[in-house]
Amino acid sequence: MIRTRIRELLVTTPGQDLVQAAGWIRTRRDSKGGFSFLEINDGSCFANLQVIADQGLANYASDIRRLHPGASVRVQGRLMASAGAGQAVELHATEVQVLGFCDPESYPLGKQRIHFDRLRELAHLRARTNAFGAMARVRNVLADEIHRFFQARDFLYLHAPVITANDCEGAGAMFQVTTLDLARVPRTAMGAVDYDQDFFGRRASLTVSGQLEGETYACALGDIYTFGPTFRAENSNTRRHLAEFWMIEPEMAFADLQDDAALAEALLKHTFAAVLRRCPDDLAFFEQRLQPGLLARLERLATSTFRTITYTEAVELLTKANRTFEFAPQWGMDLQSEHERYLTEEVFQGPLTVINYPRAIKAFYMRRNDDERTVAAMDVLLPEVGEIIGGSQREERLEVLERAIRDRGLDPATYNWYLDLRRFGSVPHAGFGLGFERLVQFCTGLHNIRDAIPYPRAPRTCEY
RNA sequence: UCCGGCGUAGCGCAGUGGUAGCGCAGGUGGCUGUUAACCACUUGGUCGCAGGUUCGAAUCCUGCCGCCGGAGCCA
């Protein structure tokens with residue numbers, strides 16, 4: 001007999017047919033009436049299946065009374081309407097097969113509540129908790145819906161390389177990839193590391209962004225998106241940063257900043273609506289245990305219109321704000337976290353798109369605006385989470401782009417292939433990067449981004 | 001990396017110089033179509049590590065390690 005997922009059993013009409021469920025024990029309650037209640041969870045949904053295991057079962061005393069949270073079982077029986085409150089149906093077992101016992105003395109997860117901090121030290125077991133089961137299901141739905149969103153709009157899913165030789169992509173520190181023997185690094189005559197002897201014959205790193213590669217395909221196929229792992233070797237120790245995270249980077253040819261912002265808004269609203277529709281039980285858990293108001297906020301945002309202001313307007317709002325900031329807002333300085341939070345959490349109380357940032361504080365590839373002072377950049381800011389999307393219209397004018405590279409002390413020769421896009425049939429194009437874990441964070445209310453990914457990588461954190 | 005906080009039983013915590021405690025979990029017994037079950041009894045600790053002050057340190061001092069929060073970097 002094939003096992004049926006609990007998600008399906010819970011909405012099945014009671015009947016005389018034998019069905020089979022399999023999963024892990026969450027709790028066992030014994031009745032002196034001569035039977036036990038087993039609650040089992042198989043990860044297919046948030047809810048558990050209540051199993052009635054009667055003393056008439058051959059292994060009742062020998063096995064069933066020894067079941068503890070974490071033990072794995074396969075149960076055969078008949079679905080009946082439940083006499084108790086809390087569940088519509090329950091499984092009256094005709095056979096309970098114990099697949100693996102779980103010693104309660106040494107098993108770290110019991111019935112008691114465990115803090116997220118502690119669970120990070122149990123990354124291999126935390127998937128068995130309510131919170132991480134819910135996180136994993138929400139994460140899965142969000143990933144699926146991102147693909148659905150883009151595929152429905154005829155965006156091509158592009159697999160950007162994970163290993164790259166672009167060591168100056170504008171973003172932060174990179175993880176080096178090498179097969180050299182670090183105990184005996186080969187040197188050139190000048191004493192430098194001889195990368196000619198390395199695997200790729202040159203210095204290589206893990207990607208910090210698929211954008212440049214994305215642009216090359218957008219400038220051939222029109223609309224593309226990437227969705228893959230991204231690596232930043234920054235020594236960031238915050239609840240919003242990971243050393244390894246997943247990023248979605250759409251790139252559209254024949255598009256400007258307004259098209260870019262519209263796409264970002266549509267994508268976010270699509271994911272909010274989808275997760276509300278597909279993960280009601282998981283979100284209800286997060287609403288109840290982590291963040292009251294989560295559901296109402298997602299529902300509101302799914303149908304709202306995002307506000308857009310320019311960077312200059314943002315600075316004006318901050319300057320006029322009836323409060324003091326640790327860092328006084330000033331045109332030309334990047335917005336501080338406290339500024340972004342004030343704008344999203346107090347002024348607009350919702351998502352906010354800020355466009356047209358000062359040239360000097362943004363990357364070289366962003367398109368220079370006619371005012372010469374700003375570039376066609378945008379950040380989408382969310383309450384609590386902060387910057388979830390960063391994007392821009394790309395500079396398509398060869399001379400302007402070359403000058404921007406030189407202005408930053410970079411060598412245009414390094415970007416030769418990138419500049420080729422502007423030499424040969426250049427077109428206006430735009431795109432952005434969406435931090436996937438920050439989206440998961442926002443949709444779940446999880447406080448720390450390290451709980452929004454199965455195995456977080458961060459400074460000094462790579463045990464599992 | 002900087003600033004702040006915290007490391008005491010498997011987990012969550014109290015204990016601010018004088019014999020290490022509580023709740024939960026676990027075990028045993030009782031009770032019950034139960035559902036964070038309940039009641040009684042009970043097992044369990046090198047107080048993060050190293051040094052120092054003191055008759056005496058979980059407690060005070062110094063250093064180190066780890067974790068969390070805030071900041072910076074950004075998605």
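Letters A, B, ... are given to chains in the order of the sequence lines, protein chains preceding strands, and every chain is numbered from 1.
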Heavy atoms under 4.0 Å, any strand shown: does [X] hit a base, just sugar-phosphate, or nothing?
X        : result
A:Leu242 : base
A:Leu109 : nothing
A:Glu437 : nothing
A:Gln441 : nothing
A:Phe35  : base

Margin query: Just by distance, no angles: are the side chains of A:Arg460 and A:Asn237 close enough, under 3.5 Å, to form a donor-acceptor pair?
Written below: no
Next item on the list: Rounded to the nearest angstrom, tell me the gap between atom CZ in A:Arg118 and atom C1' in B:rC6.
Entry: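 Roughly 16 Å, once rounded to whole Å.
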Checklist line | Atom-to-atom span, CG of A:Leu381 to C1' of B:rC74 - whole angstrom | finding: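 Checked: the CG to C1' distance equals 12 Å.
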Base paired to [N] (Watson-Crick or G-U; both N/O distances under 3.5 angstrom):
N      : result
B:rC41 : B:rG27
B:rA36 : none
B:rG69 : B:rC3
B:rA20 : none

Under 4.0 angstrom between [X] side-chain N/O and [N] OP1 or OP2:
X        : N      : result
A:Arg29  : B:rA37 : yes
A:Gln336 : B:rG72 : yes
A:His68  : B:rG10 : no

Quick check for you: among [options], whose closest atom lies nearest to any side-chain atom of [X]?
X        : options                : result
A:His115 : B:rG12, B:rU35, B:rU1  : B:rG12
A:Ile449 : B:rU32, B:rA75, B:rC11 : B:rA75
A:Asp30  : B:rU32, B:rU34, B:rG10 : B:rU32
A:Ser236 : B:rC74, B:rG72, B:rA37 : B:rG72
A:Glu39  : B:rC74, B:rU35, B:rC11 : B:rU35

Next item on the list: Answer yes or no for this row: A:Phe436 ring on B:rA75 base, centroids under 5.5 Å, planes under 30°.
Entry: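 Per 5.5 Å and 30° rule: no stacking.
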Check: For the side chain of A:Gln87 and the base of B:rU34, is some donor closer than 3.5 Å to an acceptor across the two?
Finding: yes
Check: For the base of B:rC74, is there a side-chain donor-acceptor partner from A:Arg438 under 3.5 Å away?
Finding: yes
Margin query: Can a donor-acceptor pair be found, under 3.5 Å and without considering hydrogens, that links the side chain of A:Glu244 to the backbone of A:Arg457?
Written below: no
Margin query: Under a 3.5 Å distance rule, please check whether A:Arg239 uses its side chain to pair with a backbone N or O of A:His447 as donor and acceptor.
Written below: yes
Check: How far does CZ of A:Arg373 sit from CH2 of A:Trp331, to the nearest 0.5 angstrom?
Finding: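 The CZ atom of A:Arg373 sits 4.0 Å away from the CH2 atom of A:Trp331.
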Next item on the list: Map A:Tyr107 and A:Gly433 onto RNA chain B by nearest heavy atom, then report which one ends up closer to the 5' terminus.
Entry: A:Tyr107
Item checked: Residue mapping more 5' on RNA chain B - nearest nucleotide basis, A:Ile52 or A:Thr27 ->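 Counting from the 5' end, the first nearest nucleotide belongs to A:Ile52.
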Item checked: Residue pairs, two or more places apart or on separate chains, that pass side chain to side chain donor-acceptor pair (under 3.5 Å) and touch residues 53-62 of chain A ->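 Only A:Ser36-A:Tyr60, A:Asn59-A:Asp63 qualify under side chain to side chain donor-acceptor pair (under 3.5 Å).
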Margin query: Under 4.0 Å between a side-chain nitrogen and a carboxylate oxygen: does that hold for A:Asp379 and A:Lys362?
Written below: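 Yes.
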Note to self: Please verify the inter-ring angle class for A:Phe231 with A:Phe175; under 30° counts as parallel, over 60° as perpendicular, anything in between as tilted.
What the structure shows: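 Ring orientation of A:Phe231 relative to A:Phe175: perpendicular.
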Next item on the list: Look at the rings of A:Phe442 and A:Phe272 and say which category their plane angle falls in: under 30° parallel, 30 to 60° tilted, over 60° perpendicular.
Entry: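 If you compare the ring of A:Phe442 with that of A:Phe272, the planes turn out tilted.
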Please enumerate all protein N or O atoms sitting under 3.5 Å from an N or O of nucleotides 66-70 of chain B, with distances to 0.1 Å.
from	atom 1	to	atom 2	distance (Å)
B:rG66	OP1	A:Arg460	NE	2.6
B:rG66	OP1	A:Arg460	NH2	2.8
B:rC68	OP1	A:Arg120	NH1	3.0
B:rG69	OP1	A:Asn448	ND2	3.0
B:rG69	OP2	A:Asn448	ND2	3.1
B:rG70	OP1	A:Arg239	NE	2.4
B:rG70	OP1	A:Arg239	NH2	3.3
B:rG70	OP2	A:Arg239	NE	3.2

Next item on the list: Could you check A:Tyr217, A:Phe149, A:Tyr157, A:Phe432 and say which one makes a ring pair (Phe, Tyr, Trp, His ring centres under 6.0 Å) with A:Tyr225?
Entry: A:Tyr157
